[in-house]
Amino acid sequence: MCIRDSSFRTLYAGNQFTGSPAVVDMVIGKRKFKPARWSIALTAFGVALCITLGLWQLDRAALKASIESRFEQRLGEPYREYSPDDGLDDIEYRKLLLQGSFDNAHHFLVDNQLYRGKAGYYVLTPLKLRDSDSLILVNRGWSPWGESRQEIAPIPAAQGQDGVKGIANFPNEPALRMGGLTLGDRWPQLIPYIDIEALQAQFSSRLLPVVLWLAPEQSDVYVREWNPVWMKPEKSRAYAVQWFAFALIAVVFFVILNLRKTE
């Protein structure tokens with residue numbers, strides 16, 4: 001069957017008895033649009049992939065926005081006294097006041113932490129909670145690396161006689177794990193990420209599955225600018241726009257590269 005028009009023609013060709021696929025042959029002005037099957041499949045795959053990635057980035061942006069909103073809301077709340085008997089329900093991003101004593105003989109350094117483009121590490125010190133057999137890791141903040149990673153700057157003792165203020169945070173699972181944590185007997189210990197279950201082996205007391213971000217108003221030497229997301233929602237939205245733009249560009253190139261002059 002053939003339908004003709006001065007500016008547009010669609011030709012369905014193929015053996016209807018054998019079921020062979022039809023070929024779309026369109027004439028637009030003085031050019032013929034007749035893409036190969038492989039280019040149709042490749043373009044469809046690329047467009048679908050770009051749209052999927054764009055929607056994924058929009059979902060990430062929505063999630064980050066909700067996390068930031070809850071974080072900002074709870075920053076406006078007063079500090080609350082906490083004990084292990086209170087449990088961990090709805091504790092994330094709460095401002096807590098803890099009573100206890102720091103274990104200044106054991107420090108963990110979380111490597112590969114960036115602050116304003118400089119490489120460094122977080123300093124984590126265990127806090128033994130008062131009237132309890134539980135420990136909580138306190139993230140005291142960020143410190144830059146010196147000239148060599150082999151020479152770690154002395155870690156000053158943390159003080160908690162008047163209580164320790166901070167923000168509760170559940171450690172995030174790393175996106176990519178290159179094996180488990182390798183722990184030794186020398187302190188401080190350098191670790192690539194926080195794994196509470198693995199770190200528990202270093203202590204006889206129970207290690208709570210939460211980290212306390214030390215409040216900026218607490219006295220200490222390390223940098224503390226806490227943010228619950230490592231990348232702002234606006235960046236994820238910008239990436240989504242880029243992926244949608246790639247999908248549109250793929251369609252435009254598909255059309256342009258498959259237009260041929262008619263004889």
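Here, residue 1 is the first one in the sequence, and each next residue gets the next number. Only heavy atoms go into these numbers, but all of them, side chains included; no hydrogens, no water, no symmetry mates.
- The side-chain heavy atoms of Val210 and Ile196, taken from C-beta on, include no pair separated by under 4.5 Å.
- Applying the side chain to side chain donor-acceptor pair (under 3.5 Å) criterion to Lys232, with sequence neighbours excluded, gives Glu68.
- With contacts defined as side-chain heavy-atom distances shorter than 4.5 Å, the pair Ile155/Leu109 qualifies.
- Counting heavy atoms from C-beta outward, Lys128 and Asp133 have side chains that approach closer than 4.5 Å.
- Looking at every heavy atom in both residues, Tyr222 comes nearest to Pro154 through OH-O, 4.4 Å.
- Minimum heavy-atom separation, Gly166 to Leu212: C-CD1, 3.5 Å.
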> What do the steps show when you test Lys64 against Ser236 for side chain to side chain donor-acceptor pair (under 3.5 Å), and what is the final call?
Replying inline: CA-CA 9 Å; Lys64 292 174 185 176; Ser236 291; 2.8 Å; yes
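- The aromatic rings of Trp187 and Phe108 sit perpendicular to each other, their planes meeting at more than 60°, with 30° as the lower class boundary.
- A side-chain donor-acceptor contact under 3.5 Å links Gln200 to the backbone of Ser205.
- Glu92 places a side-chain heavy atom less than 4.5 Å from the side chain of Asn169.
- Scanning both residues, Asp111 and Gly120, for their nearest heavy atoms gives OD1-O, 3.9 Å.
- Using a cut-off of 4.0 Å between Lys/Arg side-chain N and Asp/Glu carboxylate O, Asp90 and Arg74 are scored as salt-bridged.
- With sequence neighbours left out, the side chain to side chain donor-acceptor pair (under 3.5 Å) criterion links Glu234 to no other residue.
- Under the 4.5 angstrom side-chain criterion for Ile, Leu, Val, Met, Phe, Trp and Tyr, Val241 has no cluster partners at all.
- Every pair passing ring-ring contact (aromatic ring centres under 6.0 Å, His included) that includes a residue from residues 121-171 is listed here, sequence neighbours excluded: Tyr115-Trp142, Tyr121-Trp145, Tyr122-Trp226.
- Checked by atom type and distance alone, the side chain of Arg224 pairs as donor or acceptor with a backbone atom of Gln218 at under 3.5 Å.
- Below 30°, between 30° and 60°, or above 60°: for Phe71 and Tyr93 the angle between ring planes is above 60°, a perpendicular geometry.
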Give the table of side-chain donor-acceptor pairs shorter than 3.5 Å for residues 40-58, with sequence neighbours excluded, one pair per line with atom names and distance.
unit_1	atom_1	unit_2	atom_2	d
Thr43	OG1	Ser39	O	2.8
Thr52	OG1	Ala48	O	2.8

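- In this structure, Phe203 places its CZ atom where more than 12 heavy-atom neighbours from other residues, nucleotides or ligands lie under 6.0 Å away.
- Between the side chain of Glu77 and the main chain of Leu75, no donor-acceptor pair closer than 3.5 Å is present.
- In this structure, the side chains of Leu208 and Leu129 come closer than 4.5 Å at one or more pairs of heavy atoms.
- Taking 4.5 Å as the limit, some side-chain heavy atom of Thr125 sits within range of a side-chain heavy atom of Val123.
- Judged as a side chain to side chain donor-acceptor pair (under 3.5 Å), and not counting sequence neighbours, the contacts of Gln189 are Gln202.
- The shortest heavy-atom contact between Ala158 and Asn104 is N-OD1, 2.7 Å.
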